[in-house]
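Please read the structure below before turning to the comments.
Just so it is clear: chains get the letters A, B, ... in the order the sequence lines come, proteins before strands, and each one is counted from 1.
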Number of protein chains: 2
Amino acid sequence: MTQPAKGTVGELGEFGLIDRFVGRLGPAPGALLGPGDDAAVLAAPDGRVVVSTDGLVEGRHFRRDWSSAEDVGHKAAAQAIADIVAMGAVPTGVVVALALPADTPTDWIDGLADGLRTECATAGTSVVGGDVIRSDALTITLTATGDLQGAAPVTRGGARPGDAVAVAGRLGWAAAGLLVLSRGFRSPLAVVSAHRRPEPPYAQGPIAAKLGATAMCDISDGLIQDARHVAAASGVRVNLATDRLSIPDKLRDVASALGVDPLQWLLEGGEDHALLATYPAEVSLPEPWLPIGSVAPGSGVYVDGESRQAGGYDHFG
Amino acid sequence: MTQPAKGTVGELGEFGLIDRFVGRLGPAPGALLGPGDDAAVLAAPDGRVVVSTDGLVEGRHFRRDWSSAEDVGHKAAAQAIADIVAMGAVPTGVVVALALPADTPTDWIDGLADGLRTECATAGTSVVGGDVIRSDALTITLTATGDLQGAAPVTRGGARPGDAVAVAGRLGWAAAGLLVLSRGFRSPLAVVSAHRRPEPPYAQGPIAAKLGATAMCDISDGLIQDARHVAAASGVRVNLATDRLSIPDKLRDVASALGVDPLQWLLEGGEDHALLATYPAEVSLPEPWLPIGSVAPGSGVYVDGESRQAGGYDHFG
């Protein structure tokens, strides 16, 4: 039997690892019962609970040479919590399942915990429990819960002809950052950071529900792809108008340097976890909601009047 | 670009895979909103929700040559739901995150869905949502939720000196099955099946809460190891008496054939997901609860008066 390497999770062992990780995560103020038992207990004052699960695997969703452990923690939490707010709910807790190689550095685990803790706090929630197992592939699975505060869940299926289509949050930034990194660059930091640490507009999910949004989802696969999900679930056609999308100077500069069309990032780039919602036409949309189109009878997604079939990410494609 | 192999998840693609898996899982009767949106919505009539997450990775928690896909579905669901009932809660839903190699056969995914569906139904619940990602390591992460129905959660930390210690469910069967398989045998089926498809006594969790159990956990790491968790969390000593544990004839026969001590399986074998609970001495325990010891002041676990330090499973050990 070989000795596990110093400073690795193999050296800590399962229970040492759990103790260290839980200690690093700190208290779980939102939990009635936090980490350390068979399960956590959370308040569900609404009498319903919203729940969503999301996995990230090294080499596909993150690379340790492109993102720090803390970045990965931020990204994992942002991705999971974005699904909760996209239903119009307020996040109430996150449980994390870690599948780790035994040679994962303890420092990396500390960083992951820091990123998870900080991003959860930004969204007003905390990690309340988890599981660690050994695996050859570093995989992080987060399950987030939320409370609807008396509102109806905002599904993808409620868009009606005549509704306005709007987004809150950034479009194309994470895609730009990913291309910069994949070309071997580490800057400009603004776009690279957007890939490493998405900034979903957490507060806007429950706000959209209160404003009367008829459908909503977070943009994880790209604006067109996710609009297609809304169109399909609602049985409607979604029209997007690119003249409503202003391309940020920073993205224009980066695109120019890399020789690509920045509009593609806005239309097809996922992982910024902006929110896409439809609203009755009469709703006056507050900042930061940006109207970018309309709902019509029919099916599919049309950009400036042209049908768009593809554009987005298929994990197995 | 190479073509994905016929009959694999790579050929289906991400969205084809999701459609097929969700279709195979069938309806989610317990969900207010089932699979297909950013998140599921479940009833939480108690105003609190119990949540627990568990990962299984191929080669560590299951082997495709030892267990069918359906077996793996049963085992994954049993393991996740056992944590919910071990809090005294009734299961209300399961979300599943699948990390799969692109060459995973579609048939295997169908079998997994069948196993998950059937085991969830046995426990009175269903799969309500999920996520699929591509990975080199086949990893299944289940997160289960539960409702406490007005009872206090039964933690590991409530055992008091004078309490009785009792178990419900099987001990040692899964460990016997695992050893049989690891020695290259495929029978006797009774023990091999116990490894493939644990049978947690789901109904006994909420029953224990109503009976007034002071502490409870499911036995996933072995009786001694899990009793140590209760002892540590409660700040007490747990005494176990082996003369209360009758060794089933089947386990005795298998142990004899393999040349091992069957008592070790009962004391140190995990993954049957029996329930271990402590009760005030005056509680009259109904079937199938079996008194096997008592709680005393002090710390640690003693078997027939002898301190037991080890015995159990450390995933990174």
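- When A/Leu32, A/Asp38, A/Val128 are compared by the number of non-hydrogen pairs under 4.5 Å with chain B, A/Asp38 comes out ahead.
- Looking at B/Asp136, there are no atoms closer than 4.5 Å to chain A (heavy atoms on both sides), in backbone or side chain.
- With A/Asp37 as reference, B/Thr155 is the one residue of B/Thr155, B/Asp83, B/Val154 to meet the side chain to side chain contact (heavy atoms under 4.5 Å, CB included) rule.
- Proximity to chain B involves both the backbone and the side chain of A/Thr53, based on heavy atoms less than 4.5 angstrom apart.
- When heavy atoms are compared at a cutoff of 4.5 Å, A/Leu42 approaches chain B by way of both its backbone and its side chain.
- Residue contact with chain B, scored on non-hydrogen atoms closer than 4.5 Å, involves the backbone and the side chain of A/Ala97 alike.
- Ranked by non-hydrogen atom pairs under 4.5 Å with chain B, the options A/Ala43, A/Cys217, A/Gly55, A/Gly47 are led by A/Gly47.
- Only the side chain of B/Thr141 comes within less than 4.5 Å of a heavy atom of chain A; its backbone N, CA, C and O stay farther away.
- Using a 4.5 Å cut-off between heavy atoms, A/Leu56 contacts chain B through its backbone alone, with no side-chain atom that close.
- Using a 4.5 Å heavy-atom cutoff, the side chains of B/His229 and A/Phe15 are in contact.
- Residues B/His61 and A/Ile133 meet the side-chain proximity criterion, which asks for heavy atoms closer than 4.5 Å.
- Sequence neighbours left out, the pairs with a member in residues 49-58 of chain A that pass salt bridge (charged side-chain N to carboxylate O under 4.0 Å, His left out) are A/Glu58-A/Arg64.
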